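Below: the structure, in structure tokens.
Letters A, B, ... mirror the listed sequences (proteins, then strands); counts begin at 1. Quantities reported herein were computed from a predicted structural model and do not represent experimental measurements.
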There are 2 protein chains.
Amino acid sequence: MANDNGDYESLRLQNQVCFPLYACTKEIIRQYTPYLKELNLTYTQYLVMMVLWEKETVSSRELAECLHLDYGTLSPVLKRLDQTGYLTRERSLEDERLLKLTLTDEGRKRKSSAVRIPPAMTECVGLSQEELKTLYFLTNKALRHMESHSGKDS
Amino acid sequence: MANDNGDYESLRLQNQVCFPLYACTKEIIRQYTPYLKELNLTYTQYLVMMVLWEKETVSSRELAECLHLDYGTLSPVLKRLDQTGYLTRERSLEDERLLKLTLTDEGRKRKSSAVRIPPAMTECVGLSQEELKTLYFLTNKALRHMESHSGKDS
DNA sequence: TCCTATTCAATTGTGTACAATTATTATATC
DNA sequence: GATATAATAATTGTACACAATTGAATAGGA
């Protein structure tokens, strides 16, 4: 009934949606690199700094949640940012389990240098504002769907 | 003239397009993991296998190009797939620099188990066919733009 | 032919990324 | 108030990911 070609059609690299998503993400991050290098940051570290530039102080737990990263990834990243001198790590007084991260003056200074990164990256990706909005909408929709449908199906 | 809020608006995590792309990619790969574990594959190894399932034999150079991976990533991945017994690595006779990868019977067998992965993943992402097509189009467009505008501007 | 530049691949070093385990602190239950 | 449970981080182990370096094979030019 079904022919062999048709059965395996879905397994072709060209027919995967995730693959260009994966390749595109890596390529964008690669394009970020030279800009971030001037700030002594990696992309992951830049994500942490964006949160701190906005909130000044944040718990490790909040950070893990909003960046979708676990402690195995976050712990060494935070240690490096501490060593670089962009943030401080200290235990919360109310709850000794919580790690409180605070932006340092040195870290705050980098914010003004960072403002030119987003427009440069938008330029580099080569999509229109409309297309970027669509991309933003679709990836967020997929993310929300996967979050609500993973793990805790009781 | 310009207010401080407006200047830094573009630096907020919520206004980044790359971030949901990055988070979404990681989440999809995480969702792949249990399916791929049954085949003894990681996501990167699965990408290599998809190419081999289609072409039976391929050079390392071609693989690096179509998967957008460099040899630093690819070499150990190929070594592991060799150890698992899904492919063989041998030097090309015509050009000793080239590494020729060939699918083994054991590797070929896994293809029939893999066919149920793509529909399961489509389901899991939670986007319509139309939305997936749009996502595919936009990420490929961005990829092509970045490829043609990076490095060799003479 | 000899020399140089290029291509292909592997290796090294740094930095994620995540599952699984461990340790510490808080909370809930009795 | 002692004990079980849950929450928060850190650590360990495996596997990418990529820049930079190295080394071998090939191609191209004087």
Side-chain angles (χ1 to χ4, degrees), chain A residues 19 22-34 36-37 39-49 58-65 67-84 89-101 146 150-152, chain B residues 19 22-34 36-37 40-49 58-84 89-101 146 150-152:
Chain A
F19 173 64
Y22 156 86
C24 187
T25 299
K26 286 192 308 170
E27 184 58 33
I28 294 179
I29 290 177
R30 213 177 63 76
Q31 302 278 339
Y32 263 109
T33 304
L36 295 178
K37 200 162 191 174
L39 303 179
N40 269 304
L41 292 173
T42 64
Y43 181 68
T44 311
Q45 291 167 9
Y46 174 60
L47 293 178
V48 172
M49 293 307 292
V58 73
S59 77
S60 186
R61 195 200 130 287
E62 288 176 88
L63 209 50
E65 191 171 317
L67 297 183
H68 302 269
L69 291 173
D70 75 354
Y71 296 113
T73 303
L74 215 43
S75 288
V77 169
L78 296 174
K79 193 180 290 180
R80 284 186 198 103
L81 283 171
D82 189 347
Q83 283 163 0
T84 309
R89 293 176 298 161
E90 48 182 353
R91 293 289 160 184
S92 162
L93 294 178
E94 309 96 53
D95 187 339
E96 288 281 346
R97 291 171 306 180
L98 285 173
L99 188 64
K100 202 177 108 183
L101 309 166
M146 288 185 287
S150 87
K152 42 194 85 175
Chain B
F19 173 65
Y22 156 86
C24 188
T25 297
K26 285 192 308 169
E27 184 58 31
I28 294 180
I29 291 177
R30 215 176 63 76
Q31 302 278 340
Y32 263 109
T33 305
L36 295 178
K37 200 161 192 177
N40 268 304
L41 292 172
T42 63
Y43 181 69
T44 311
Q45 292 168 8
Y46 174 61
L47 293 178
V48 173
M49 293 307 291
V58 72
S59 77
S60 187
R61 196 201 130 285
E62 289 176 86
L63 208 51
E65 191 171 318
C66 79
L67 296 183
H68 302 269
L69 291 173
D70 74 356
Y71 296 112
T73 303
L74 214 43
S75 288
V77 169
L78 296 174
K79 193 180 290 180
R80 282 182 202 107
L81 282 171
D82 190 346
Q83 283 163 358
T84 309
R89 293 176 299 160
E90 48 183 355
R91 293 288 160 185
S92 161
L93 294 178
E94 309 95 55
D95 188 339
E96 288 281 347
R97 290 172 304 181
L98 286 173
L99 189 63
K100 202 178 107 184
L101 308 166
M146 288 186 286
S150 86
K152 40 195 82 172

| request: For Arg91(A), check side-chain hydrogen bond (donor to acceptor under 3.5 Å, both in side chains) against everything at least two apart and list the hits. | output: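 Partners of Arg91(A) by the side-chain hydrogen bond (donor to acceptor under 3.5 Å, both in side chains) criterion come out as none, since no residue qualifies.
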
| said: Holding to side-chain hydrogen bond (donor to acceptor under 3.5 Å, both in side chains), I want the full list of residues that pass it with Asp95(A), two or more places apart in sequence or in another chain. | reply: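 Partners of Asp95(A) under the side-chain hydrogen bond (donor to acceptor under 3.5 Å, both in side chains) test: Arg97(A).
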
| request: On DNA chain C, check which nucleotide each of Pro76(A) and Leu93(A) is closest to and give me the residue with the more 5' one. | output: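 On the 5' side of the pair lies Pro76(A).
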
| said: By nearest heavy atom, map Asp95(B) and Thr42(A) onto DNA chain C; which one lands nearer the 5' end? | reply: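 On the 5' side of the pair lies Asp95(B).
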
In whole Å, I'd like the distance from the [atom1] atom of [X] to the [atom2] atom of [N].
X: Leu41(A); N: dT14(C); atom1: CG; atom2: C1'; result: 15 Å
X: Leu36(A); N: dG15(C); atom1: CG; atom2: C1'; result: 13 Å
X: Arg91(B); N: dT7(C); atom1: CZ; atom2: P; result: 17 Å

| task | Identify the 5'-most and 3'-most nucleotides of DNA chain D with at least one atom closer than 4.0 Å to a non-hydrogen atom of chain B. | result |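 Footprint of chain B along DNA chain D, 5' to 3': dA15(D) to dT26(D).
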
| task | Among dG15(C), dA9(C), dT25(C), find the nucleotide with the atom closest to the side chain of Glu96(A). | result |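 Nearest listed nucleotide: dT25(C).
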
| message | Which heavy atom of His68(A) sits nearest to which heavy atom of Ala23(B), and what is that distance? | response |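 Shortest heavy-atom separation between His68(A) and Ala23(B) comes out as CD2-CB, 3.9 Å.
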
| NA contact type, Lys100(A), heavy-atom cut-off 4.0 Å: base, sugar-phosphate, or nothing? |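 Result for Lys100(A) = nothing.
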
| What nucleic acid atoms does Glu94(B) come within less than 4.0 Å of, heavy atoms only: base, sugar-phosphate, or nothing? |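 Contact class for Glu94(B): sugar-phosphate only.
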
| For Leu39(A) and Gln45(A), what are the C-alpha separation, side-chain angles and deciding distance, and is it a side-chain contact (heavy atoms from CB on, under 4.5 Å)? | CA-CA 10 Å; Leu39(A) 303 179; Gln45(A) 291 167 9; over 6 Å; no

Using a 3.5 Å cut-off and no angle test, enumerate the donor-acceptor pairs between side-chain atoms of residues 60-67 of chain B and protein atoms at least two apart in sequence or in another chain.
| from | atom 1 | to | atom 2 | distance (Å) |
| --- | --- | --- | --- | --- |
| Arg61(B) | NH2 | Glu65(B) | OE1 | 3.0 |
| Glu62(B) | OE2 | Ser59(B) | N | 3.1 |
| Glu62(B) | OE2 | Ser59(B) | OG | 3.3 |

| Hey, does Tyr22(A) have a side-chain heavy atom less than 4.5 Å from the side chain of Thr44(B)? |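 In short, these two side chains touch, coming nearer than 4.5 Å.
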
| Where protein sits on nucleotides 17-24 of chain C, one letter per nucleotide: B base, S sugar-phosphate only, - none, heavy atoms under 4.0 Å | BBB-----

| When the ring planes of Tyr46(A) and Tyr32(A) are compared, do they come out parallel, tilted or perpendicular, using 30° and 60° as the limits? |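 Rings of Tyr46(A) and Tyr32(A): tilted, as their planes differ by 30° to 60°.
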
| message | For Lys100(A), I'd like to know if atom NZ has over 12 heavy atoms of other residues, nucleotides or ligands within 6.0 Å. | response |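 Result for NZ/Lys100(A): open.
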
| Those residues that, when tested against Asp82(B), pass side chain to side chain contact (heavy atoms under 4.5 Å, CB included) (two or more places apart) |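 Leu87(B), Arg89(B).
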
